[in-house]
Protein chains: 2
Amino acid sequence: MLSKSCEYALKSILYITKHSQNLERVGAKNISDELDIPYHFAAKLLQILAKADIISSQKGPNGGFYLTADNLTHSLADVVFAIDGNGIFVDCILGLKTCSETRPCPLHYEFIDIKIKIAKVFEDTTLDQIKSKLLSGEFYLNNLNVSCQYERKNK
Amino acid sequence: MLSKSCEYALKSILYITKHSQNLERVGAKNISDELDIPYHFAAKLLQILAKADIISSQKGPNGGFYLTADNLTHSLADVVFAIDGNGIFVDCILGLKTCSETRPCPLHYEFIDIKIKIAKVFEDTTLDQIKSKLLSGEFYLNNLNVSCQYERKNK
DNA sequence: AAAATAAAAGACCTTTATATCTTATTGTAA
DNA sequence: TTACAATAAGATATAAAGGTCTTTTATTTT
Ligand code: FES
Ligand code: FES
């Protein structure tokens, strides 16, 4: 559905959103540890998002990534666009070069609604809106760290 | 959304369906030419589908791929399963190892409906059902060959 | 019946894209 | 001025996509 890069980018920005109280900064190391993303991969994706003004960054000690009030108005669709482009929203399900009603593939009309719905989810979800939901603790961004429990056992 | 392999496999089986009048056989060469699929890539995918009893094949002169009455009862979901597995129907949109309500990601509930709808389209579309639709000529499996028109111009 | 031929089946290789790691640089705060 | 953390470029590993060749099987033709 989404590329690994895009999954990582979305999880990362949601993690930053969750920890963006009064401009608190989150390090790439922190993000990579918590979300099981290879450190330098996370760093690269965060760079792209920072360059696209979707997130803000600060170098130096106590530096890291954070969200300004303006950043919080962005939607998850902005993140998908920045990393994967608009393919998931507009491409033909069978891979025809152009998806249109002038030359539709046999699944074209069945997938119009689905693609609109997918776009709607990402576009309607702004970081601002999702923030309280993330803080509620009912939703997760990683899997249970079973290897950690395993190590404790061995001690 | 789907892998290139899966797109090719779906287009191929739809092409065979369209040409499956009284057990007519279609060659891999024919399919690869008509649908712009690399020949040996198409051949490999058709092998997988034949092994999974989704399509039938016949070696030797006038041989090729065709569909029995039994083959025609298969749905497009069977093809997706055989090539890509069930990932598109069940995987977490953010790539969590397990997608479930016990530990849902922030987009879990938004994507439940979408994934069910995608599964429904593929499962509800049997080859038998789609056959007449394909014969109507209102739907296409390839793009217009613009390079051909270009060459005509240069002559 | 034997030989020639057509087409799928299958093993294996090359290329390309994606994902991950390495190393070095730049800016910031204490 | 020193340590910290983002930025940046580039190398390596892995997986997906695409291509070459050989083998097997069935059908013609002689
Ligand atoms: S042409 Fe295939 S989905 Fe639109
Ligand atoms: S847990 Fe992410 S979609 Fe279900």
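Letters A, B, ... mirror the listed sequences (proteins, then strands); counts begin at 1. Values reported hereafter were calculated over all heavy atoms of this structure, with side chains retained and with hydrogens, waters and symmetry mates removed. Keep in mind that what you see is a predicted model, and the values were worked out from it rather than measured.
- The two residues B:Ser32 and B:Pro38 come nearest to each other via the heavy atoms CB-C, 4.4 Å.
- Atom-to-atom, CG of A:Asn30 to C1' of D:dC4 comes out at 15 Å; the value is rounded to the nearest Å.
- A:Lys29 pairs by the salt bridge (charged side-chain N to carboxylate O under 4.0 Å, His left out) definition with A:Asp33, not counting sequence neighbours.
- Judged by distance alone, the side chain of A:Ser75 and the main-chain N or O of A:Ala77 form a donor-acceptor pair under 3.5 Å.
- If you check distances only, the side chain of B:Gln47 does reach the base of C:dG10 with a donor-acceptor pair under 3.5 Å.
- Between B:Arg103 and A:Asn142, the side chains place a donor N or O and an acceptor N or O closer than 3.5 Å (distance only, hydrogens not considered).
- Heavy atoms of B:Ala43 sit nowhere under 4.0 angstrom from any nucleic acid atom.
- In this entry the distance linking CD1 of A:Ile48 with P of D:dA9 reads 12 Å, nearest Å.
- Picking from C:dA9, D:dA6, D:dT27 the nucleotide with the shortest atom distance to the side chain of B:Ser57 gives C:dA9.
- Listed by first then second residue, pairs satisfying ring pair (Phe, Tyr, Trp, His ring centres under 6.0 Å) with a partner in residues 114-137 of chain A read A:Phe122-B:Phe111, not counting sequence neighbours.
- When the C1' atom of C:dA7 is taken as reference, atom CD1 of B:Ile16 falls 14 Å away, rounded to whole Å.
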Pick out the pairs of N or O atoms, protein on one side and nucleotides 28-30 of chain D on the other, that lie under 3.5 Å.
residue : atom : partner : partner atom : Å
D:dT28  : OP1  : B:Asn62 : ND2          : 2.7

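- Checked for salt-bridge contact, A:Lys117 and A:Glu123 miss the test: no charged N lies under 4.0 Å from a carboxylate O.
- Between B:Gln58 and C:dA6, a side-chain N or O to OP1/OP2 separation shorter than 4.0 Å is absent.
- Between B:Lys97 and A:Glu7, no side-chain nitrogen of the basic residue sits less than 4.0 Å from a carboxylate oxygen of the acidic one, so the salt-bridge criterion is not met.
- In this structure, CZ of B:Phe65 is placed 14 Å from P of D:dA26, rounded to the nearest angstrom.
- Applying the ring pair (Phe, Tyr, Trp, His ring centres under 6.0 Å) rule to pairs touching residues 25-64 of chain B yields B:Tyr8-B:Phe41, sequence neighbours excluded.
- Both B:Gly64 and A:Lys59 lie close to DNA chain C; mapped to their nearest nucleotides by heavy-atom distance, the more 5′-ward contact belongs to B:Gly64.
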Which letters describe nucleotides 11-22 of chain D, given B = protein heavy atom under 4.0 Å from base, S = only from sugar-phosphate, - = neither? ------SBBBB-
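- Screening residues 53-84 of chain B for ring pair (Phe, Tyr, Trp, His ring centres under 6.0 Å), with sequence neighbours left out, gives B:Phe81-B:Phe89.
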